[in-house]
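Okay, structure first, notes after.
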2 protein chains.
Amino acid sequence: MPETPTKRGAGRPRTRVLSADQIVDAAFELARTAGTAGFSMAALARSLSVQPPALYHYFGSRGEVISAMRGRLAERIDTEGFTDPAVPLDEAVLRWARTYRDAFAAFPSGSALLATTSIDGQQGSVDNYEAITVRLLAEGWAEGDVVDTIVAFESFIIGSALDAVAPADIMSPGDAAASVPAYAAAEARRAHDAAARGIRPTDRSFELGLRAMLAGFRPGSADSSTR
Amino acid sequence: MPETPTKRGAGRPRTRVLSADQIVDAAFELARTAGTAGFSMAALARSLSVQPPALYHYFGSRGEVISAMRGRLAERIDTEGFTDPAVPLDEAVLRWARTYRDAFAAFPSGSALLATTSIDGQQGSVDNYEAITVRLLAEGWAEGDVVDTIVAFESFIIGSALDAVAPADIMSPGDAAASVPAYAAAEARRAHDAAARGIRPTDRSFELGLRAMLAGFRPGSADSSTR
DNA sequence: ACCTGAACACCGTTCAAGT
DNA sequence: ACCTGAACACCGTTCAAGT
């Protein structure tokens with residue numbers, strides 16, 4: 001939807017029409033309204049009332065736009081609990097994991113892209129990793145277990161973010177309910193319990209899994225599982 | 001690459017050229033060789049030496065082809081441990097989770113697609129859920145926790161499958177190493193330890209996280225975390 | 001029924017303009 | 001420097017053919 005129907009002719013405009021930040025803003029808005037399938041450079045350009053090639057002055061490719069979106073999301077992840085000794089480790093992890101999942105669940109295709117795109121050089125992400133590493137070492141983690149612990153939590157968080165943006169009925173047995181009575185009953189119960197609590201089923205799965213990982217991950221817990 | 005350069009004219013061929021199974025076979029081969037970006041109906045048709053519209057006689061859309069691939073992968077997930085009382089629960093979960101991750105890590109874009117596509121009506125998947133549900137109930141799980149437990153494990157597994165297909169250096173601090181000394185050292189240690197064990201770092205993260213979840217998830221463990 | 005060929009409405013990206 | 005317009009090589013999907 002062009003906000004101003006004034007036709008821009010060819011040539012450099014007198015005043016700058018775009019900015020990298022503005023493009024990223026519009027990209028989030030587009031991802032929210034158009035979804036993963038509708039997320040294209042052409043649609044992004046339309047939402048900004050410019051021609052697609054104009055975007056390439058600010059970003060070298062579609063991938064770079066997505067990478068910039070990822071950087072924005074990373075800013076919303078709260079890792080401050082790790083550097084504050086007054087915050088217990090469990091609490092720090094809970095805050096980190098919840099803000100992490102929320103940030104990426106807000107960008108439907110973000111989780112998958114995040115998970116498969118290299119962090120390399122993304123200064124923000126790396127700073128977060130440093131804070132977590134320092135804290136885990138202080139809590140007694142073996143140096144060789146620190147990154148594996150972070151990756152295991154991130155895998156759970158990213159998988160949970162994907163689940164959070166999945167269709168609400170993704171776990172429903174549908175027409176097959178009659179042939180899987182125990183599962184169908186458990187699934188109905190889950191939906192009912194979540195509704196009674198005023199949350200989504202996916203939210204409780206996340207909290208449950210997160211606490212299980214917290215309970216299972218203790219310093220040295222890796223020793224027995226090393227093969 | 002056309003295997004036979006014989007030009008097929010218009011009209012129904014005397015003998016059937018395609019089959020649904022054959023298309024799915026070719027789709028896996030294409031996903032393997034061309035990756036997510038190169039996975040298109042046009043490329044799939046080329047690999048089968050047919051024109052793209054021919055595929056639509058067997059599958060209604062690109063999404064249906066992917067759904068069929070997902071069905072194939074689901075067949076490779078081992079849930080037999082859950083129905084065999086001689087197999088301890090932990091062992092059953094380990095087998096299930098490992099075969100699950102391996103199956104989807106073999107199909108790069110599969111994990112993200114799996115996670116965001118409804119299971120609804122997929123008979124194979126639902127049968128697996130029934131077996132797991134029956135076992136968890138027998139082990140003392142509350143009915144209201146069963147599906148959340150399954151979803152939490154699946155979130156971890158899918159996130160881990162994404163990590164397994166990510167670039168090997170995804171956790172490397174790269175140029176930022178100097179500014180994050182503790183993390184850089186821990187990351188180098190992780191890479192070194194994995195190499196010494198003859199495995200990939202991502203494999204150990206998976207095993208570590210899986211065992212943490214197993215240790216943390218016990219019947220009734222949800223009670224204290226319900227909010 | 002099962003394929004080709006033509007067609008439609010899209011893409012991402014490049015590049016020569018114009019100011 | 002920063003935009004438009006034209007162009008290229010692709011897409012997914014539909015539909016009218018042909019046998």
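Numbered from 1 within each chain, the chains take letters A, B, ... in sequence-line order.
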So, is [X] near the phosphate of [N], with a side-chain N or O under 4.0 Å from OP1 or OP2?
| X | N | answer |
| --- | --- | --- |
| Arg12(A) | dA1(D) | no |
| Arg16(B) | dT19(D) | no |
| His57(B) | dC3(C) | no |
| Arg8(A) | dC3(D) | no |

Please state how far atom [atom1] in [X] lies from atom [atom2] in [N], giving the value in whole angstrom units.
| X | N | atom1 | atom2 | result |
| --- | --- | --- | --- | --- |
| Leu55(B) | dC11(D) | CG | C1' | 13 Å |
| Met41(B) | dT13(D) | CE | C1' | 9 Å |
| Arg46(B) | dA9(D) | CZ | P | 14 Å |
| Gln22(A) | dC2(D) | CD | C1' | 13 Å |
| Leu48(A) | dC2(D) | CG | C1' | 14 Å |
| Gln51(A) | dT14(C) | CD | C1' | 15 Å |
| Leu44(A) | dT13(C) | CG | P | 12 Å |
| Glu64(B) | dG12(D) | CD | C1' | 13 Å |

When we call it a touch if two heavy atoms are under 4.0 Å apart, what does [X] touch: a base, just sugar-phosphate, or nothing?
| X | result |
| --- | --- |
| Phe59(B) | nothing |
| Arg14(B) | nothing |
| Ala54(A) | base |

Out of [options], which has the shortest distance to the side chain of [X]?
| X | options | answer |
| --- | --- | --- |
| Arg62(B) | dT13(D), dC3(D), dC11(D) | dT13(D) |
| Tyr56(B) | dT14(C), dT13(D), dC11(D) | dT13(D) |
| Pro52(B) | dT13(D), dT4(D), dT14(D) | dT13(D) |
| Ala42(B) | dC15(D), dC11(D), dT19(C) | dC11(D) |

For Ala43(A) and Gly60(A), find the nucleotide of DNA chain C closest to each by heavy atoms; which residue's nucleotide sits nearer the 5' end?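 Result: Ala43(A).
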
I want to confirm an ordering. Mapping Ser40(A) and Tyr58(B) to their closest nucleotides on DNA chain C, which one lands closer to the 5' end?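 In this pair, the answer is Tyr58(B).
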
Please determine whether a side-chain nitrogen of the Lys or Arg among Arg32(A) and Glu29(A) lies less than 4.0 Å from a carboxylate oxygen of the Asp or Glu.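 Salt bridge flag = yes for Glu29(A) with Arg32(A).
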
Below 4.0 angstrom, N of the basic side chain to O of the carboxylate: do Arg98(B) and Asp203(B) qualify?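 No.
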
Where does the angle between the aromatic ring planes of Phe156(B) and Phe206(B) fall among parallel (under 30°), tilted (30 to 60°) and perpendicular (over 60°)?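 Phe156(B) vs Phe206(B) ring planes: parallel.
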
Mutual orientation of the aromatic rings belonging to Tyr129(B) and Tyr183(A) [parallel < 30°, tilted 30-60°, perpendicular > 60°]: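 Taking Tyr183(A) first and then Tyr129(B), their aromatic rings lie parallel (interplane angle under 30°).
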
Is there a Watson-Crick or G-U wobble partner for dT13(D) with both distances under 3.5 Å, and if so, which one is it?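 Base-paired to dA7(C).
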
Opposite nucleotide pairing with dA1(C), Watson-Crick or G-U, both atom distances under 3.5 Å: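 dT19(D) is the nucleotide pairing with dA1(C).
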
Is the centre of the Tyr100(A) ring less than 6.0 Å from the centre of the Phe153(A) ring?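 Not close enough - the centres of the two rings lie 6.0 Å or further apart.
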
Distance to the ring centre below 6.0 angstrom and angle to the axis at most 45 degrees; does that hold for Arg72(A) and Phe28(A)?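 No, a cation-pi geometry is absent between Arg72(A) and Phe28(A).
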
